[in-house]
Amino acid sequence: MLGASRGTMNERAVPIRKDHILIVDDDCDIRNLVAEYLERNDFNVSMASNGRELRRRITSHERFDLIVLDLMLPGEDGISLCRYLSESPVASVPVLMLTARSDDVDRIIGLEAGADDYLTKPFVPRELAARIRAILRRARSIPHNLRLTHVGRVLRFGEWRIDTVERCLIAADDSVSPLASAEYTLLSFFLEHPGRVITRDQLISHLMGSHNVGPFDRAIDLRVSRLRRRLEDDARNPGYIRTIRNEGYMFAKDVISE
Amino acid sequence: MRSLSLTIFGLLVFGLATIQLLSYGIVSTALNDRTRKNMFDFMANDIALVYELLAPLPRDRRQAMMPKLNRGFYVLRLQDQKPKLPAASRGKIPALSTVSDRIRAATHAPDLYWVWNSNDDPLLVVLLPGGQYLLVEAAEPLPSLSQMDLLVYLAVLFLSLAALSWLAISLAMKPLARFSDAALQLGQDIRAPLLIEGELREVRHVAAALNMMRTQILKQVQNHAQMMAAISHDLMTPITRMQLRAESITDETLRTKLVGDLQFMSGLIVETLNFARSLKMEERIVAVDLDAVVEMIRDQMIDMGHVVTVSGEIGTPVAAAMRSIQRVIQNLVDNAVKYGERADIVLERQGNRAVVQVRDKGPGIPDEHFASVLEPFFRIETSRSRNSGGTGLGLAIADNLVRAHGGELILTNLREGGLEAKVVLSLSTR
């Protein structure tokens with residue numbers, strides 16, 4: 001009882017700065033509907049209908065925490081804008097790309113151009129909010145120049161390589177295998193923190209959002225053991241992911257950009 | 001069904017045999033007539049000369065001449081008694097009368113006739129003045145070309161000609177055989193162009209025609225796919241709007257139902273797009289660790305509460321398109337857990353082939369539906385599948401993608417119950 005009431009008091013006492021999201025989409029209805037939905041979910045939302053507006057807002061030093069960018073725009077397209085954003089002074093602003101085509105080609109071009117994640121239309125609104133939160137969490141915990149997608153497309157660690165655009169593992173014999181979304185998120189988090197102890201809580205908050213703590217301990221351990229198996233890492237004498245007793249895990253290999 | 005090679009071979013052999021026999025007949029007849037005429041003329045003149053020499057001589061001097069007259073062409077003998085031998089009928093050997101007629105014409109010999117000697121060879125008897133007889137017979141029995149030799153000669157000639165024609169035909173037919181193989185492959189995989197190079201002009205023409213037909217079919221398929229893709233794509237924006245609008249509906253029952261319907265629709269659209277794309281797979285072929293792909297799918301399915309097991313391994317990378325082959329196995333596993341409660345995946349390397357078998361414990365496929373289950377939008381209409389919300393595209397997409405890999409998707413009802421979907425891929429680099 002006491003803890004709960006103190007929590008409420010804390011929330012009241014510290015005014016929460018809402019994350020500022022810029023939605024760039026040429027479809028007026030979708031723009032407004034997404035804005036409404038995100039506002040209902042505690043985001044502060046601005047809108048732009050094309051590349052020119054986006055550039056104007058960026059150059060006028062408006063601050064955004066994340067940009068939701070539609071790939072198909074009249075005039076300058078999303079890919080070109082994505083490149084512009086990753087080279088501009090606001091390079092640290094993460095980008096969630098929206099594509100109408102679930103083509104792998106679009107997805108790959110978008111990720112290569114520097115988008116942090118992608119979502120295909122039609123999407124479930126809840127999924128949009130979840131993706132935005134996940135990207136924001138990552139953006140907070142990792143400086144943008146260390147973020148995996150900004151370091152390089154292919155990273156080497158030990159015997160293995162990872163392709164951050166195709167989201168697959170590359171073995172020593174060049175054979176590839178896809179990474180499931182959860183596997184990719186977990187592995188990329190390890191790769192972004194080599195040589196550092198990562199607590200279970202950190203992993204849980206990174207993978208599932210901060211509000212879910214407790215019963216996910218075992219789920220995290222299961223995912224780590226699966227990842228070890230994918231990397232053919234011996235659980236008793238691990239060379240990639242070490243268990244740090246009573247603390248969590250540590251990624252024990254150097255990560256080199258290729 | 002008649003074979004072109006055999007027909008041509010038959011015609012050639014028949015023609016060759018006829019020509020051979022006819023030409024042999026003509027040549028030998030002409031040659032024989034000529035030789036015989038020369039021989040008979042010579043013989044007649046020679047014997048006439050011998051007669052002229054012997055006739056005026058007294059009987060006792062004639063014998064002394066004989067050694068000089070015997071020059072080896074035939075044997076000449078003198079005899080006082082009339083030889084007691086059977087007369088040779090003139091009709092039997094017409095040539096004999098020719099000889100005797102010529103001698104008569106050359107000499108006026110009063111009397112000469114043919115008899116058969118003890119060897120059944122003809123012997124000419126000429127009556128000399130003074131009652132002496134001149135006997136003329138062949139030095140040795142006439143050599144005759146034996147019937148047997150002739151047959152052997154003809155048979156050898158015929159057989160070697162037949163062998164030669166067969167060789168020629170198979171040489172000429174080889175491009176055609178290769179062509180028919182290539183055309184057969186076209187039937188199996190319309191995407192692979194018919195490659196005929198440096199072959200017969202006729203074959204090249206047919207190949208070009210087939211390739212043209214193939215391009216037309218491909219274009220039609222692609223038009224079809226493009227149309228489906230365009231419609232699906234245009235539906236995406238309104239569905240996105242509807243999904244966003246549904247979020248503001250306060251009536252929770254209504255919202256849940258609406259969101260459910262919209263999710264089914266968007267799922268159908270995504271699957272239709274996937275199907276359209278599976279018709280012209282453009283993904284890059286790389287070496288894929290299929291064992292890891294299957295392991296990943298199993299882990300994901302287990303997380304979603306399904307029963308999925310994996311046994312065996314392929315143990316070597318397979319040349320494949322990573323996302324496409326992942327989709328193939330995912331679709332088969334989805335089907336297995338949806339209609340067959342569980343998926344038991346068996347990985348196996350069979351010689352030069354990688355085999356992935358996905359088995360379930362469901363009712364299998366009724367025999368009458370086996371031909372149609374791989375068709376797009378086909379669903380076995382049982383109450384269960386109608387409620388399960390399948391699009392009827394999963395197997396069609398899997399089949400298209402496996403075929404784009406040059407592989408095979410084989411469905412079998414297991415004897416112990418359940419369905420087995422088997423993907424067979426070649427391990428050799430294409």
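Note on naming: letters A, B, ... go to the chains in the order of the sequence lines (proteins, then strands), and numbering restarts at 1 for each one.
- Within 6.0 Å of atom CD in A:Glu112, more than 12 heavy atoms from other residues, nucleotides or ligands are found, so the atom counts as buried in its surroundings.
- Atoms CG and OG, from B:Asp291 and A:Ser175 in turn, are 9.5 Å apart once rounded to the nearest 0.5 Å.
- Around atom CZ of A:Arg242, no more than 12 heavy atoms belonging to other residues, nucleotides or ligands sit under 6.0 Å away.
- Only the backbone of A:Leu179 comes within less than 4.5 Å of a heavy atom in chain B; its side chain stays farther off.
- Of the two parts of B:Thr316, neither the backbone nor the side chain holds a non-hydrogen atom closer than 4.5 Å to a non-hydrogen atom of chain A.
- The part of B:Val286 that comes within reach of chain A is its side chain, from C-beta onward, which places non-hydrogen atoms under 4.5 angstrom from that chain.
- Side chains of A:Asp173 and B:Pro317 form a contact here, defined as non-hydrogen atoms less than 4.5 Å apart.
- None of B:Leu244, B:Thr240, B:Thr237, B:Leu235 except one satisfies the side chain to side chain contact (heavy atoms under 4.5 Å, CB included) rule with A:Pro122; the exception is B:Thr240.
- For A:Asn32, no part sits under 4.5 Å from any heavy atom of chain B, backbone or side chain.
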Please report the C-alpha distance between A:Arg230 and B:Asp289 in whole Å, then the side-chain angles of each, then the deciding distance to 0.1 Å, and finally whether the salt bridge (charged side-chain N to carboxylate O under 4.0 Å, His left out) criterion is met.
CA-CA 11 Å; A:Arg230 282 298 296 275; B:Asp289 183 349; over 6 Å; no
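- In this structure, B:Arg323 and A:Pro178 have side chains that are in contact, with non-hydrogen atoms separated by less than 4.5 Å.
- A 6.0 Å sphere centred on CZ of A:Arg126 holds no more than 12 heavy atoms belonging to other residues, nucleotides or ligands.
- Proximity to chain B at a heavy-atom threshold of 4.5 Å picks out A:Val34, A:Tyr37, A:Arg40 from residues 34-47 of chain A, in numerical order.
- Only the side chain of B:Glu295 comes within contact range of chain A, judged by heavy atoms closer than 4.5 Å.
- Ion pairing of A:Arg223 with B:Asp299 is absent here, as no side-chain N (NZ or NE/NH1/NH2) approaches a carboxylate O to less than 4.0 Å.
- Around the CD atom of B:Glu252, the shell of radius 6.0 Å holds no more than 12 heavy atoms that belong to other residues, nucleotides or ligands.
- Within a 6.0 Å sphere centred on CZ of B:Arg255, heavy atoms belonging to other residues, nucleotides or ligands number more than 12.
- Contact of the B:Arg241 side chain with the A:Asp27 side chain is registered, since non-hydrogen atoms from C-beta on lie closer than 4.5 Å.
- Within the 4.5 angstrom heavy-atom criterion, atoms from both the backbone and the side chain of B:Gln243 approach chain A.
- Contact count against chain A (heavy-atom pairs under 4.5 Å) is highest for B:Glu247 among B:Glu247, B:Arg245, B:Gln300.
- The two residues A:Glu183 and B:Met296 come nearest to each other via the heavy atoms OE1-CG, 3.4 Å.
- Rounded to the nearest 0.5 angstrom, B:Met322 CE and A:Leu169 CG are separated by 9.5 Å.
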